[in-house]
Amino acid sequence: MTHPAAHLGGLLRGALAISVSDTCYITCAKTRIKVILQYLEEGWIGRAQNKVEGVIFRYDPDKDVTTRIKDVPEGDVLARISGSW
């Protein structure tokens with residue numbers, strides 16, 4: 001499992017908030033399942049989104065090069081994740 005980077009923002013606005021805008025990977029070579037979670041950054045206007053999108057899919061540990069959700073073959077997808085964190 002990799003951990004996404006968190007950022008402390010809002011210093012100029014006087015309202016400190018933590019945001020996450022990175023990608024997290026969870027892999028299990030034994031079950032051959034991989035998860036890609038993409039944390040979406042807050043917009044310039046409005047409140048923080050705190051959204052996450054992801055996909056759970058089958059992968060080959062020996063030939064794994066998939067790093068983006070859109071690059072996962074639809075036939076390998078087991079589940080899709082979306083929501084707020």
Shortest non-hydrogen contact from V20 toward A6: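 Smallest heavy-atom distance, with atoms named: CG2-CB, 4.2 Å.
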Minimum heavy-atom distance between G54 and I69, given as atom pair plus value: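 Heavy atoms only, the tightest pair is CA-CD1, 3.8 Å.
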CD on Q38 to SG on C24, rounded to 0.5 Å: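 Interatomic distance, C24 SG to Q38 CD, rounded to 0.5 Å: 11.5 Å.
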Between CD1 on residue I56 and CD1 on residue I26, distance to nearest 0.5 Å: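 Here the interatomic distance stands at 8.5 Å.
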All pairs passing salt bridge (charged side-chain N to carboxylate O under 4.0 Å, His left out) where residues 50-60 contributes a residue, at least two apart: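 Checked against salt bridge (charged side-chain N to carboxylate O under 4.0 Å, His left out) - neighbours excluded - the pairs reaching residues 50-60 are R32-D60.
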Partners meeting side chain to side chain donor-acceptor pair (under 3.5 Å) with D71 (sequence neighbours left out):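 Listed in chain order: R68.
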Any side-chain heavy-atom pair of L37 and I81 under 4.5 Å: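 Sidechains of I81 and L37: in contact.
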Same apolar cluster (I L V M F W Y, side chains within < 4.5 Å links), M1/Y59: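 No, separate clusters.
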In one Ile/Leu/Val/Met/Phe/Trp/Tyr side-chain cluster, 4.5 Å: V52, Y25: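 Looking at the clustering, Y25 is in a separate group from V52.
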Which residues share a side-chain contact (heavy atoms from CB on, under 4.5 Å) with V72, sequence neighbours left out: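 Here the qualifying residues are I36, V55, F57, T66, V77.
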